[in-house]
Amino acid sequence: QLTHFFNGMVPFNHREPGIIGAALENDKCMAELICDEFHIHPTVINMTFRIFGAERVILVSDSMRATGMTDGEYMLGEHQVFVTNGVARMKDGNLAGSTRNLMDCLKIAVKDMKIPLETAIRAATLNPAIAAGVDDKYGSISTGKNANAVFVDKELNVVMVMKDGKIIPESITVKETQIVPIHSEVVKENEITEVLPRPDLLEDNREEKSLRLQFLLKQFIKEAVQDS
């Protein structure tokens, strides 16, 4: 696969296609895209998804230590980096990694660049797992795979994280107004992001609540896998 496709590469030319042209001709080659609003123009992001297809694009963050931090001066190895308005650059003005995380990149791909949600999720989960040779355990919710999942709301904000079948208490940000019963007629098909436990669970402390959420979510995921 190609590390951060287009960035740090000889530009594509109609007489000298270079590594970009070689990747386009190789059906087994996957392209990593830094979808942070700064490294690649939205038109090129969309073009890459169309040419390579949903199965050959991998979303990457290219995050460095300033990710999630305020503007200021940071180090990238031995190089000094200056972050202004969320953009990390070297002294010479070149981009120096990204301050976005992978979830940020997923949201940008879907909300700003209009990549279909299912396509963007695959590019951030299953495709990299396939490329790394660990798709038998990671990358999708399937029987026999590790129970890792990120739960989001309709705006793709993270509301809860499950790791190895256990909910991480510190990750729970869901509010009572967002919660519906685990089995409810208001939960429509394919609206997994809205399926969360009963409001009365919020009366517990965070640790106890996470254990009860874990039990109910395992039930739901099991049913979802069986129905898929």
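Nothing fancy with the numbering, it's 1 onward along the sequence.
- With rounding to the nearest 0.5 Å, the separation of CG in D104 from CG in L156 is 11.0 Å.
- N101 places no side-chain N or O within 3.5 Å of a backbone atom of T67 that could act as its donor or acceptor partner.
- Here the side chain of T99 pairs a donor or acceptor atom with the backbone of G86 at under 3.5 angstrom.
- M103 is listed as a side-chain neighbour of V158, based on a closest heavy-atom distance under 4.5 Å.
- Under a 3.5 Å cut-off, the side chain of K107 and the backbone N or O of D112 do not form any donor-acceptor pair.
- Residue G144 comes nearest to K137 through the heavy atom pair O-NZ, 3.7 Å, listed as atom of the first residue, atom of the second, then distance.
- For the pair I20 and V10, the tightest heavy-atom approach, listed with the atom from each and the gap, is CD1-O, 3.9 Å.
- Between the side chain of D71 and the main chain of N85, a donor-acceptor pair closer than 3.5 Å is present.
- Using a 4.0 Å cut-off between charged nitrogen and carboxylate oxygen, E37 and R100 count as a salt-bridge pair.
- Here the straight-line distance linking atom CZ of R122 with atom CZ of R56 works out to 12.5 Å at 0.5 Å rounding.
- V152 and I115 fall within a single hydrophobic cluster, where Ile, Leu, Val, Met, Phe, Trp and Tyr side chains are chained together by heavy-atom contacts under 4.5 Å.
- Scanning both residues, A131 and I58, for their nearest heavy atoms gives CB-CD1, 3.7 Å.
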Subject >> Worked check of side-chain contact (heavy atoms from CB on, under 4.5 Å) between N146 and K163 >> reply: CA-CA 8 Å; N146 287 27; K163 176 71 169 65; 5.8 Å; no
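- The distance from atom CD of Q80 to atom CE of M75, rounded to the nearest 0.5 Å, is 6.5 Å.
- Residues K145 and D136 are not in side-chain contact: their nearest non-hydrogen atoms beyond the backbone lie 4.5 Å or more apart.
- In this structure, E155 and K111 have side chains that are in contact, with non-hydrogen atoms separated by less than 4.5 Å.
- Here the side chains of M160 and I167 are in contact, with some heavy-atom distance below 4.5 Å.
- Atoms OG1 and CG, from T119 and L59 in turn, are 10.0 Å apart once rounded to the nearest 0.5 Å.
- Without hydrogens or angle criteria, N46 side chain to M113 main chain gives a donor-acceptor distance under 3.5 Å.
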**OP:** Give the C-alpha distance, both sets of side-chain angles, the deciding distance and a yes or no for side-chain contact (heavy atoms from CB on, under 4.5 Å) between T125 and N127.
**Re:** CA-CA 6 Å; T125 56; N127 288 354; over 6 Å; no
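- If you chain together hydrophobic residues whose side chains sit under 4.5 Å apart, I40 and V87 never meet in one group.
- Clustering ILVMFWY residues whenever any of their side-chain heavy atoms sit less than 4.5 angstrom apart, transitively, puts I45 in the very cluster that holds F6.
- Under the 4.5 Å side-chain heavy-atom criterion for Ile, Leu, Val, Met, Phe, Trp and Tyr, M90 and F38 are members of distinct hydrophobic clusters.
- A heavy-atom distance below 4.5 Å is found between the side chains of L2 and I19.
- Heavy atoms only, all atoms of each residue included: M64 and V81 are closest at CE-CG1, 3.8 Å.
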**OP:** Would you please test H4 and H39 for side-chain contact (heavy atoms from CB on, under 4.5 Å) and show each step?
**Re:** CA-CA 9 Å; H4 48 58; H39 276 77; over 6 Å; no
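- No more than 12 heavy atoms of other residues, nucleotides or ligands sit less than 6.0 Å from atom CD of E55.
- The structure places CD1 of I121 at 12.0 Å from OG of S140, a figure rounded to the nearest 0.5 Å.
- Neither I130 nor Y138 shares a network with the other; the hydrophobic side chains, linked directly or stepwise wherever heavy atoms of I, L, V, M, F, W or Y lie under 4.5 Å apart, form separate groups for each.
- More than 12 heavy atoms of other residues, nucleotides or ligands shown are found within 6.0 angstrom of CD1 on I51.
- Annotation: ring-ring contact (aromatic ring centres under 6.0 Å, His included) contacts involving residues 46-95, sequence neighbours excluded, comprise F5-F52.
- D164 approaches N148 most closely through the heavy-atom pair N-OD1, 2.6 Å.
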Original post:
Going through the distances and angles, do M9 and T3 end up as a side-chain contact (heavy atoms from CB on, under 4.5 Å)?
Top reply: CA-CA 10 Å; M9 297 181 181; T3 302; 5.9 Å; no
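- Atom OG1 of T143 and atom CD1 of I141 lie 11.0 Å apart (nearest 0.5 Å).
- You'll find the side chain of S98 stays beyond 4.5 Å of the side chain of S61, heavy atoms only.
- Between the side chain of T48 and the backbone N or O of V44 there is at least one donor-acceptor pair closer than 3.5 Å.
- Considering only heavy atoms from C-beta on, M162 stays 4.5 Å or farther from I168 through its side chain.
- Of all non-hydrogen atoms in L102 and A124, the two that sit nearest each other are CD2-O, 3.9 Å.
- When atom types are taken as modelled, the side chain of D62 and the backbone of A96 share no donor-acceptor pair closer than 3.5 angstrom.
- Between the side chain of D153 and the backbone N or O of N157 there is at least one donor-acceptor pair closer than 3.5 Å.
- For the pair V60/L33, no side-chain contact is recorded, criterion being any heavy-atom separation below 4.5 Å from C-beta on.
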